[in-house]
Amino acid sequence: MGCATTSVKITSIILNAILGLLALGSIGWIAYNADTESEEFVIAAYVACSLILLLAMLGILAAIRESVALTATSAVFLLILAIPQIVSTCMLLHQYDVQSGQETVEAAWQANNMDGLQQKHECCGKSSAQDYVHLNQLIPPSCYADLQQTTDHLYVEGCIEKVQSFYESDKERFIIVSWVLVAFELLCFVLAVFLAISFRNKQRRLEF
């Protein structure tokens with residue numbers, strides 16, 4: 001095997017390993033933010049990331065074993081996976097409706113279920129802690145950092161603004177992660193094609 005092919009083989013293994021780690025990280029991120037997304041989106045994201053992880057492992061195995069069949073299979077499925085991901089990410093840039101932070105907070109406020117939001121987003125009330133004061137209610141412990149009910153630990157920002165900011169940042173993070181995964185998928189696809197051709201040529205030389 002030539003020096004160039006060996007270098008590409010090592011690079012392919014490294015990039016597939018990184019791709020697998022990115023997929024694992026994405027699965028963890030989706031699990032952490034599952035309550036902020038629709039069930040359909042979460043399921044689709046789990047399936048896509050799981051497939052990426054499996055293909056990354058297949059790419060590593062194919063490169064180590066120098067298998068033409070496995071390498072070609074890895075290349076084909078990486079391309080098949082990357083194309084719809086590119087299309088969906090492009091559509092997301094223009095058509096994705098950011099979830100309304102106001103609707104989320106209003107629903108929690110009406111249900112008297114603000115504690116989880118206030119602790120997660122480090123906020124207090126709908127607009128501020130004054131929302132509780134105006135209703136002659138005590139400011140709940142969840143409005144304080146580490147539940148320490150002292151003035152210097154009180155969250156000063158309202159939850160509507162913080163939750164809305166979280167949703168908008170969540171969209172940006174998803175788009176960035178999606179493009180990074182696509183970039184690695186396409187790189188691994190190119191390397192897999194090169195390796196499949198190189199491994200096939202090697203096999204032919206050994207047959208003579």
Side-chain angles (χ1 to χ4, degrees), residues 18-54 81 84-185:
I18 295 174
L19 180 61
L21 291 173
L22 287 172
L24 276 175
S26 298
I27 291 173
W29 177 54
I30 294 165
Y32 179 75
N33 295 289
D35 57 335
T36 67
E37 305 292 347
S38 66
E39 183 178 354
E40 294 79 6
F41 174 85
V42 171
I43 293 173
Y46 274 136
V47 171
C49 289
S50 298
L51 287 174
I52 292 171
L53 179 59
L54 288 174
L81 186 62
Q85 195 173 336
I86 292 171
V87 173
S88 61
T89 305
C90 289
M91 292 175 62
L92 189 69
L93 286 170
H94 304 290
Q95 300 179 10
Y96 182 82
D97 293 326
V98 176
Q99 189 172 350
S100 172
Q102 182 167 354
E103 290 180 3
T104 300
V105 175
E106 287 287 356
W109 183 267
Q110 293 298 326
N112 195 27
N113 189 29
M114 290 289 290
D115 289 338
L117 282 176
Q118 289 172 161
Q119 279 293 294
K120 180 177 180 178
H121 298 285
E122 300 183 350
C123 56
C124 187
K126 294 189 291 184
S127 301
S128 70
Q130 291 300 311
D131 291 328
Y132 292 104
V133 176
H134 292 156
L135 294 174
N136 294 320
Q137 295 180 2
L138 291 174
I139 298 174
S142 59
C143 276
Y144 296 87
D146 301 321
L147 303 179
Q148 296 185 27
Q149 295 176 262
T150 58
T151 304
D152 58 326
H153 283 79
L154 178 65
Y155 297 135
V156 296
E157 294 184 70
C159 288
I160 291 177
E161 181 180 349
K162 291 296 289 288
V163 172
Q164 187 64 45
S165 177
F166 171 80
Y167 286 154
E168 291 172 356
S169 298
D170 191 50
K171 174 188 174 182
E172 294 176 2
R173 286 192 294 268
F174 173 78
I175 291 172
I176 291 171
V177 169
S178 184
W179 280 125
V180 169
L181 286 172
V182 166
F184 272 92
E185 288 165 21

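Residue numbers run from 1 in the order of the sequence given.
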Salt bridge (charged side-chain N to carboxylate O under 4.0 Å, His left out) pairs, two or more places apart, involving residues 126-135: Glu106-Lys126

Could you check whether atom CD of Gln149 has more than 12 heavy atoms from other residues, nucleotides or ligands sitting under 6.0 Å from it? yes

Restricting to salt bridge (charged side-chain N to carboxylate O under 4.0 Å, His left out), what partner residues turn up for Glu122, sequence neighbours left out? none

Can you find a pair of side-chain heavy atoms, one from Gln102 and one from Val163, that are under 4.5 Å apart? no

Stepwise side chain to side chain contact (heavy atoms under 4.5 Å, CB included) check, Gln164 with Thr104: CA-CA 9 Å; Gln164 187 64 45; Thr104 300; over 6 Å; no

If you round to the nearest 0.5 Å, how far is OG of Ser178 from CZ of Arg173? 14.5 Å

Counterpart residues, side-chain contact (heavy atoms from CB on, under 4.5 Å), relative to Leu53 (two or more places apart): Ala23, Leu24, Met57

Using distance only, find each side-chain donor-acceptor pair of residues 151-161 under 3.5 Å and give its atom names and separation, not counting sequence neighbours.
{"residue": "Asp152", "atom": "OD1", "partner": "Thr150", "partner atom": "OG1", "Å": "2.7"}
{"residue": "His153", "atom": "ND1", "partner": "Thr150", "partner atom": "OG1", "Å": "2.8"}
{"residue": "His153", "atom": "NE2", "partner": "Gln148", "partner atom": "OE1", "Å": "3.4"}

First locate atom CD1 of Ile139, then atom SG of Cys124, and finally report the distance between them rounded to the nearest 0.5 Å. 5.5 Å

Once you round to the nearest 0.5 Å, how far does CD of Gln137 lie from CG of Asn112? 7.5 Å

Residue list, side-chain contact (heavy atoms from CB on, under 4.5 Å) with Ile176, at least two apart or on another chain: Val180

To the nearest 0.5 angstrom, please state how far the SG atom of Cys123 sits from the CG atom of Leu117. 6.5 Å

Roughly how far, to the nearest 0.5 Å, is the CD atom of Glu172 from the OH atom of Tyr167? 15.5 Å

side-chain contact (heavy atoms from CB on, under 4.5 Å) filter on Ile30, not counting sequence neighbours, yields Val42, Ala45, Tyr46, Cys49

Return yes if some donor-acceptor pair links the side-chain N/O of Lys162 with the main-chain N/O of His121 below 3.5 Å, else return no. yes

Taking only residues two or more places apart in sequence, or in another chain, which ones meet Gln118 in a side-chain hydrogen bond (donor to acceptor under 3.5 Å, both in side chains)? Tyr132, Ser142

What residues, two or more places apart in sequence or in another chain, satisfy side-chain hydrogen bond (donor to acceptor under 3.5 Å, both in side chains) together with Ser128? none

Residue pair Val177 / Ser26: nearest heavy atoms and the distance that separates them: CG1-OG, 3.5 Å

Please list, chain by chain and in numerical order, all residues satisfying side-chain contact (heavy atoms from CB on, under 4.5 Å) with Leu138, sequence neighbours excluded. none

Is there a side-chain contact between Ile52 and Phe184 in this structure, where contact means two heavy atoms from C-beta onward sitting under 4.5 Å apart? no

